[in-house]
Amino acid sequence: MVKFDGYMKEALKEAACALREDEVPVGAVITCKGKIIARGHNQVERLKDPTAHAEMIAITKASFHLRSKFLDNCTLFVTIEPCSMCAGALVLSRLYRVVYGADDPKTGALGSKLDINSLKLNHKFEVKKGVLAVEATSLMREFFTGKRSKV
């Protein structure tokens, strides 16, 4: 668990970058053989791209790093439960494990709103949730409280 916390702290650093850029504060890192090989944070507003989620950016970088479309020996650490788009990409990339911080009751696709692993697809991955969830939730609250106060 201690190692999971260390990697999740790196994902939280990415989420903090997103917060500073006025993006929804979600951050992600992908590890392989105990090393971080990719990082990403939300860039939807910056890139004007609804698919520019932290997980998607990290998957692209990890695939480039490994020169493979499959990430079967890799773990994704992400601050918030992935949405259905990102969960679908995780299946397609054949990721080994996903570790996330806070649940997302509105769009979470690893058990909150739906569970992609319960579908009969060609790949399933391990899921570990709740790692540094308080810290991840705090960043989200800070972002949305700021947005509401500007209205």
*Same hydrophobic cluster for L66 and L92, using side-chain heavy-atom links shorter than 4.5 Å among ILVMFWY?*
no
Please determine whether residues V78 and V91 belong to a single hydrophobic cluster, defined as Ile, Leu, Val, Met, Phe, Trp and Tyr linked transitively by side-chain heavy-atom distances below 4.5 Å.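 Yes: a chain of side-chain contacts under 4.5 Å links V78 to V91.
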Closest approach of [X] to [Y] (non-hydrogen atoms, all atoms of both residues):
{"X": "G40", "Y": "A54", "answer": "O-CB, 3.7 Å"}
{"X": "G34", "Y": "Y7", "answer": "O-OH, 2.7 Å"}
{"X": "A62", "Y": "I37", "answer": "CB-CD1, 3.8 Å"}
{"X": "N122", "Y": "R94", "answer": "ND2-NH2, 3.7 Å"}
{"X": "L76", "Y": "A28", "answer": "CD1-CB, 3.8 Å"}

Closer than 3.5 angstrom, by distance alone: can the side chain of [X] be matched with the main-chain N or O of [Y] as a donor-acceptor pair?
{"X": "T79", "Y": "A15", "value": "no"}
{"X": "K35", "Y": "C32", "value": "no"}
{"X": "E23", "Y": "H41", "value": "no"}

Please report the interatomic distance [atom1]([X]) to [atom2]([Y]), rounded to the nearest 0.5 Å.
{"X": "T137", "Y": "D103", "atom1": "OG1", "atom2": "CG", "answer": "8.5 Å"}
{"X": "C83", "Y": "D104", "atom1": "SG", "atom2": "CG", "answer": "8.5 Å"}
{"X": "I59", "Y": "K69", "atom1": "CD1", "atom2": "NZ", "answer": "14.5 Å"}
{"X": "N42", "Y": "L19", "atom1": "CG", "atom2": "CG", "answer": "11.0 Å"}
{"X": "I30", "Y": "T75", "atom1": "CD1", "atom2": "OG1", "answer": "9.5 Å"}
{"X": "L121", "Y": "L90", "atom1": "CG", "atom2": "CG", "answer": "12.0 Å"}

Practice task
Mind running side-chain contact (heavy atoms from CB on, under 4.5 Å) on F143 and V24 for me, showing each step along the way?
Solution key: CA-CA 7 Å; F143 177 77; V24 175; 3.7 Å; yes
Q | Check against side-chain contact (heavy atoms from CB on, under 4.5 Å), S63 and L71 | A | CA-CA 7 Å; S63 295; L71 305 176; 3.9 Å; yes
Do the rings of F4 and F77 sit parallel, tilted or perpendicular, given the 30° and 60° boundaries? perpendicular
Original post:
Cation over ring, R97 on F125, under 6.0 Å and within 45°?
Top reply: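 Pair R97/F125 does not count as cation-pi.
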**Prompt:** Any chance the side chains of H53 and Q43 put a donor and an acceptor closer than 3.5 Å?
**Reply:**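 H53 vs Q43: no donor-acceptor pair found between side chains.
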State, yes or no, whether a side-chain contact exists between [X] and [Y] at a heavy-atom distance under 4.5 Å.
{"X": "L12", "Y": "L139", "answer": "yes"}
{"X": "V99", "Y": "M8", "answer": "yes"}
{"X": "C86", "Y": "M56", "answer": "yes"}

Discussion item. With side-chain contact (heavy atoms from CB on, under 4.5 Å) as the criterion, how do K113 and K106 come out once you've worked through the C-alpha distance, each side chain's angles and the decisive distance to 0.1 Å?
Written reply: CA-CA 6 Å; K113 196 67 171 177; K106 291 186 178 182; over 6 Å; no
Looking at R39 and E10, is there a salt bridge between them, counting it only when a charged N and a carboxylate O are closer than 4.0 Å?
yes
request  = Mind running side-chain contact (heavy atoms from CB on, under 4.5 Å) on K129 and E81 for me, showing each step along the way?
outcome  = CA-CA 8 Å; K129 66 180 190 170; E81 179 181 5; over 6 Å; no
